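All values below were derived from every heavy atom in this structure, side-chain atoms included, with hydrogens, water molecules and symmetry-related copies excluded. Keep in mind that this is a model prediction, so the values were computed, not measured.
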Amino acid sequence: MSNSSNNEAKAFTKECVFLAFINLLKEKNYEDITLTEIAEKAGVSRNAIYRNFESKNLILKNYLNYISLNFINELNKKNISSYYDYILAVFTHLCSHSKIAKILVSANLSTLLYESFLLIKGSYKVDDSIKNYYESYRIGSLFFVYVTWLETGCRETPEELTDIMIKIMESKPVLPTNYNR
């Protein structure tokens, strides 16, 4: 088997495993799913699973990384000229993957989802000592608005979510209200 054919077979196996796992997550709790069950649903051997993945978390991480890296490649091909266009592109992408994200959030696997957000790094024209703060603000705000959108039923369109984000960023600070016991 040629190297190219081997890589194609490996990619196909991974895709089958991803889809099988996602389908199982729709039917069962995360904790109740076994790697053997994933292999059976994917139509691959247990050895194929263990050759490619050490755990269920690694399957999900790889899947989310795959989605994120494809998005980054797509984003780099677009002519993004404003922060609005960037946020709209992000929310359009995220909304197209809301089914898997809902499953992850409901299975208490938001951390894996958050880790995939970390792949979408930006480049800032600021002092290196504060770049991490910019990145934390950008990724954190997108992530938490997205999770809130998922938890509230995905009612808004990507355009409406973008408008909400812009409105929040442009609004005056709101001080916390007093907490009375």
Side-chain angles (χ1 to χ4, degrees), residues 11 14-30 56-128 130-177 179:
K14 284 183 175 183
E15 188 171 332
C16 289
V17 169
F18 294 151
L19 294 174
F21 193 19
I22 299 308
N23 285 327
L24 283 168
L25 281 169
K26 291 175 185 175
E27 302 165 10
K28 299 176 75 173
N29 288 330
Y30 174 81
K56 295 184 289 187
N57 271 5
L58 199 55
I59 294 171
L60 287 174
K61 280 184 181 184
N62 275 274
Y63 180 69
L64 294 171
N65 288 353
Y66 171 79
I67 290 171
S68 295
L69 294 175
N70 280 339
F71 170 65
I72 291 166
N73 288 334
E74 288 175 28
L75 195 59
N76 286 325
K77 293 176 188 171
K78 294 182 178 183
N79 183 22
I80 303 292
S81 59
S82 69
Y83 199 59
Y84 182 91
D85 292 341
Y86 168 74
I87 294 173
L88 180 59
V90 170
F91 280 132
T92 299
H93 167 75
L94 292 173
C95 290
S96 71
H97 295 285
S98 62
K99 287 181 183 177
I100 179 65
K102 278 184 196 177
I103 291 168
L104 294 174
V105 170
S106 67
N108 294 320
L109 297 169
S110 297
T111 303
L112 294 177
L113 188 60
Y114 179 73
E115 288 172 7
S116 70
F117 273 64
L118 295 175
L119 294 174
I120 307 170
K121 296 271 185 203
S123 57
Y124 303 96
K125 295 178 181 170
V126 296
D127 188 325
D128 283 347
I130 61 171
K131 281 184 183 180
N132 287 340
Y133 295 107
Y134 276 71
E135 201 61 33
S136 294
Y137 173 78
R138 186 178 62 83
I139 289 173
S141 60
L142 288 169
F143 174 75
F144 286 108
V145 167
Y146 182 57
V147 170
T148 301
W149 177 75
L150 293 169
E151 292 173 340
T152 57
C154 308
R155 292 186 301 259
E156 294 83 5
T157 65
E159 292 80 8
E160 290 169 325
L161 282 173
T162 302
D163 290 340
I164 290 168
M165 282 286 291
I166 296 297
K167 189 181 250 184
I168 291 167
M169 291 174 6
E170 292 174 346
S171 67
K172 293 181 181 179
V174 176
L175 299 175
T177 57
Y179 177 74

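Note that CD1 of I72 is 8.5 Å distant from NE2 of H93, once rounded to the nearest 0.5 Å. Note: Y134 OH to D127 CG = 10.0 Å, rounded to the nearest 0.5 Å. With rounding to the nearest 0.5 Å, the separation of CZ in R138 from CD1 in I87 is 9.5 Å. Separating the CG atom in N108 from the CG atom in N29 is a distance of 10.0 Å, to the nearest 0.5 Å. Separating the NZ atom in K26 from the CD1 atom in I22 is a distance of 8.0 Å, to the nearest 0.5 Å. Considering CD of E156 and SG of C95, their distance stands at 9.0 Å, rounded to 0.5 Å.
Annotation for E15: atom CD does not count as buried by contact number, only 12 or fewer foreign heavy atoms lying within 6.0 Å. Environment of OH in Y66: sparse, with no more than 12 heavy atoms of neighbouring residues, nucleotides or ligands closer than 6.0 Å. Environment of OH in Y84: crowded, with over 12 heavy atoms of neighbouring residues, nucleotides or ligands closer than 6.0 Å. Within a 6.0 Å sphere centred on NZ of K99, heavy atoms belonging to other residues, nucleotides or ligands number 12 at most.
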Apply side chain to side chain contact (heavy atoms under 4.5 Å, CB included) to residues V145 and F91 and explain how you reach the verdict.
CA-CA 10 Å; V145 167; F91 280 132; 3.7 Å; yes

I would like to know whether I100 and F18 meet side chain to side chain contact (heavy atoms under 4.5 Å, CB included); could you show each step before the answer?
-> CA-CA 11 Å; I100 179 65; F18 294 151; over 6 Å; no

Given Y30 and N57, is the side chain to side chain donor-acceptor pair (under 3.5 Å) satisfied, shown in steps? CA-CA 10 Å; Y30 174 81; N57 271 5; 2.3 Å; yes

Give the C-alpha distance, both sets of side-chain angles, the deciding distance and a yes or no for side chain to side chain contact (heavy atoms under 4.5 Å, CB included) between D163 and K167. CA-CA 6 Å; D163 290 340; K167 189 181 250 184; over 6 Å; no

- Check the pair F71, I67 against side chain to side chain contact (heavy atoms under 4.5 Å, CB included), reporting the backbone distance first and the verdict last. CA-CA 6 Å; F71 170 65; I67 290 171; 5.6 Å; no

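Using a 4.5 Å heavy-atom threshold, the side chains of K61 and S116 count as separate. Here the side chains of Y137 and L142 are not in contact, with every heavy-atom distance at 4.5 Å or above. Using a 4.5 Å heavy-atom threshold, the side chains of T162 and T92 count as separate. Using a 4.5 Å heavy-atom cutoff, the side chains of E115 and L64 are not in contact. For the pair F143 and S110, the minimum side-chain heavy-atom distance is below 4.5 Å. Here the side chains of L150 and S98 are in contact, with some heavy-atom distance below 4.5 Å.
Across all non-hydrogen atoms, the minimal contact from L58 to N62 is O-ND2, 2.7 Å. In this structure, A101 and Y146 approach most closely via the heavy-atom pair CB-OH, 3.2 Å. A pairwise comparison of heavy atoms in S106 and I103 identifies OG-O, 3.0 Å as the closest pair. Among all heavy-atom pairs drawn from R155 and E160, the shortest one is O-OE1, 4.2 Å. Among all heavy-atom pairs drawn from I120 and I139, the shortest one is O-CD1, 4.1 Å.
Ion pairing of E74 with K77 is absent here, as no side-chain N (NZ or NE/NH1/NH2) approaches a carboxylate O to less than 4.0 Å.
No cation-pi contact links K56 to F21, judged by a cut-off of 6.0 Å to the six-membered ring centre and 45° from its axis.
No donor-acceptor pair under 3.5 Å is formed between the side chain of S68 and the backbone N or O of N65. Under a 3.5 Å cut-off, the side chain of W149 and the backbone N or O of L161 do not form any donor-acceptor pair.
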